[in-house]
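Take a look at the structure below.
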Amino acid sequence: MEATAKAHTNIALIKYWGKRNDALILPTNNSLSVTLDGLHTTTKVTFDTELKKDQFQLNGEFIKGTAYDRVVKFLDLIRNQGNRPNLFAHIQSENAVPTAAGFASSASGFAALAGAATKALEMDIDLPALSRITRQGSGSACRSIYGGFVEWQKGEREDGTDSYAVPIAPQNHWDLRIAAVVLTAKEKDVSSRVGMKRTVDTSVFYDGWLQSIPKDLRDIKKAITEKDFEKLGEISEANCLKMHATTLGAVPPFTYWQDDTMTVMETVQYLRKKGIPAYFTIDAGPNVKVLYTPEHEEKVLEALKSVNAVEKVIVSKVGSGIDCQ
Ligand code: PMV
């Protein structure tokens with residue numbers, strides 16, 4: 001009744017931004033991500049008949065409050081599916097990801113928890129089923145089940161049974177680099193959950209965003225197949241800008257960007273002017289991720305580290321899928 005799983009975060013190149021069902025976490029659009037080898041969570045789950053409630057430790061500290069409640073709610077789902085509704089667990093997570101600042105800590109966190117808990121209960125599930133369960137912890141986490149390039153199919157069914165991630169290209173398909181540029185470890189003002197809901201409900205730009213997705217997906221899949229880096233970067237950067245534009249049309253309007261976010265964006269555009277192909281993407285926080293190819297690493301890192309507000313830069317290669325032991 002004990003298992004450990006390691007999962008990596010993923011960065012969406014075509015963003016998931018909006019739910020059609022809040023309770024089941026069903027998205028309004030397909031999204032596509034790349035899994036990152038440098039940012040990961042390792043979680044050990046031990047079910048114990050002596051326990052009266054779950055215990056959750058993150059990086060050695062016992063966690064209470066909303067984060068604990070979210071973990072318990074997610075474990076309830078797994079316990080029910082595994083026919084052990086009254087069996088509680090010790091959960092020990094080691095997170096090598098800055099939390100709640102747009103670094104998708106929840107993605108690797110929920111994927112690792114799902115992998116370890118289902119394995120500890122000896123549930124007989126395949127990867128699509130694991131992705132489907134993980135989705136209900138945090139949407140973007142369902143893509144962290146696989147390595148390489150991954151698409152989350154939104155599905156059509158009301159019950160969500162056809163909403164899960166599928167692999168598009170494996171880890172070794174393309175040797176890319178993704179630099180996670182850490183500007184601040186401050187908590188977000190508007191969580192992705194709250195931000196996407198407000199955008200879906202009120203943004204005058206939301207329809208335009210949705211209409212643009214099918215073409216972005218078609219084009220980026222072609223770029224991945226053909227390993228066309230400029231195309232991949234252009235589509236990713238434009239898709240990110242469109243997602244963030246929807247937040248400015250929401251009521252009340254909001255943005256995840258800080259002035260330092262824009263300084264890094266300008267630095268990336270400056271690199272391109274100098275002939276170095278580098279592209280940015282940004283999730284629901286101020287930090288920026290930069291895509292580039294290995295031969296340009298030195299120049300890209302030099303430029304990023306020259307920005308005053310940059311606290312650290314975490315470089316990733318394309319990462320692998322979940323590993324459950
Ligand atoms: O899964 P959540 O609730 O952390 O939402 C993730 C939303 C974005 O990071 C902005 C986009 C994405 O597809 O990961």
Side-chain angles (χ1 to χ4, degrees), residues 7-36 39 41 66-67 70-71 73-74 95 97-114 131-146 149-154 160 163-165 168 178 180 187-200 203 206 209-210 212-213 216-217 220 235-247 250 254-257 261 280-289 291 319:
H8 295 91
T9 58
N10 68 79
I11 292 297
L13 305 179
I14 306 297
K15 306 290 184 192
Y16 145 53
W17 196 240
K19 296 180 181 71
R20 63 187 162 90
N21 180 320
D22 292 331
L24 292 174
I25 312 197
L26 299 176
T28 47
N29 64 275
N30 287 24
S31 53
L32 190 144
S33 61
V34 57
T35 304
L36 308 187
L39 300 161
T41 303
T66 329
R70 243 181 114 181
V71 163
K73 197 171 155 218
F74 183 58
N95 210 355
V97 185
T99 36
F103 272 97
S105 57
S106 60
S108 54
F110 279 101
L113 179 57
S131 172
R132 204 159 41 213
I133 294 181
T134 305
R135 186 199 79 224
Q136 294 180 73
S138 160
S140 57
C142 80
R143 298 183 307 237
S144 276
I145 299 303
Y146 295 101
F149 294 83
V150 183
E151 182 175 9
W152 174 10
Q153 299 184 332
K154 69 183 177 73
S163 184
Y164 51 83
I168 294 294
I178 306 97
E187 296 280 316
K188 291 182 263 184
D189 290 338
V190 184
S191 67
S192 53
R193 199 164 281 217
V194 168
M196 67 176 80
K197 177 141 185 66
R198 191 190 300 171
T199 306
V200 172
S203 178
Y206 195 67
W209 155 258
L210 278 186
S212 76
I213 298 289
D216 282 1
L217 272 170
I220 205 163
I235 299 162
S236 303
E237 196 171 291
N239 185 271
C240 153
L241 291 170
K242 277 185 288 196
M243 180 209 116
H244 286 270
T246 66
T247 70
F254 64 104
T255 181
Y256 290 107
W257 300 355
T261 310
F280 63 76
T281 186
I282 305 160
D283 281 340
N287 298 306
V288 182
K289 293 93 199 171
L291 299 158

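Order of appearance sets the numbers: ligands from 1, and atoms from 1 within every ligand.
Side-chain contact check for Phe149 versus Leu13: some heavy-atom pair is nearer than 4.5 Å.
The residues Asp283 and Lys15 are annotated as salt-bridged, a charged nitrogen and a carboxylate oxygen being separated by less than 4.0 angstrom.
Some N or O of Ser140 is nearer than 3.5 Å to an N or O of ligand 1, by distance alone. Ligand 1 has no nitrogen or oxygen under 3.5 angstrom from a nitrogen or oxygen of Trp17. The N/O atoms of Lys15, backbone and side chain alike, include none that comes under 3.5 Å of an N/O atom in ligand 1. Between Asn10 and ligand 1, a contact under 3.5 Å exists for no N or O pair.
In this structure, a donor-acceptor pair under 3.5 Å is present between the side chains of Arg143 and Ser33. Thr261 and Tyr256 are not linked by any side-chain donor-acceptor pair at a separation below 3.5 angstrom, with hydrogens and angles left out of the test. With hydrogens and angles left out, the side-chain atoms of Thr35 and Asn10 include no donor and acceptor closer than 3.5 Å. Using modelled atom types, one finds a donor on one side chain and an acceptor on the other under 3.5 Å when comparing Glu151 with Asn30.
Against a heavy-atom cut-off of under 4.0 Å, Gly139 is close to the following atoms of ligand 1: 1 (O). Atoms of ligand 1 lying under 4.0 Å from at least one heavy atom of Ala284, given by number and element, are 10 (C). The Ser138 neighbourhood of ligand 1 comprises atoms 1 (O), 2 (P), 4 (O), with distances under 4.0 Å to a heavy atom of that residue. For ligand 1, the atoms sitting less than 4.0 Å from at least one non-hydrogen atom of Ser106 are 4 (O), numbered in the order shown with element in parentheses. The Ala12 neighbourhood of ligand 1 comprises atoms 12 (C), 13 (O), 14 (O), with distances under 4.0 Å to a heavy atom of that residue.
Annotation: Lys197, atom NZ; neighbour count of heavy atoms from other residues, nucleotides and ligands within 6.0 Å does not exceed 12.
Within the set Gly109, Ser192, Pro27, the minimum heavy-atom distance to atom 5 (O) of ligand 1 is found for Ser192.
Aromatic rings from Tyr164 and Trp152 are positioned such that their centres are separated by 6.0 Å or more.
The side chain of Arg143, and not its backbone, has at least one atom closer than 4.0 Å to an atom of ligand 1 (non-hydrogen atoms only; side chain from C-beta on). Looking at Met196 against ligand 1, only its side chain comes within 4.0 Å, counting heavy atoms.
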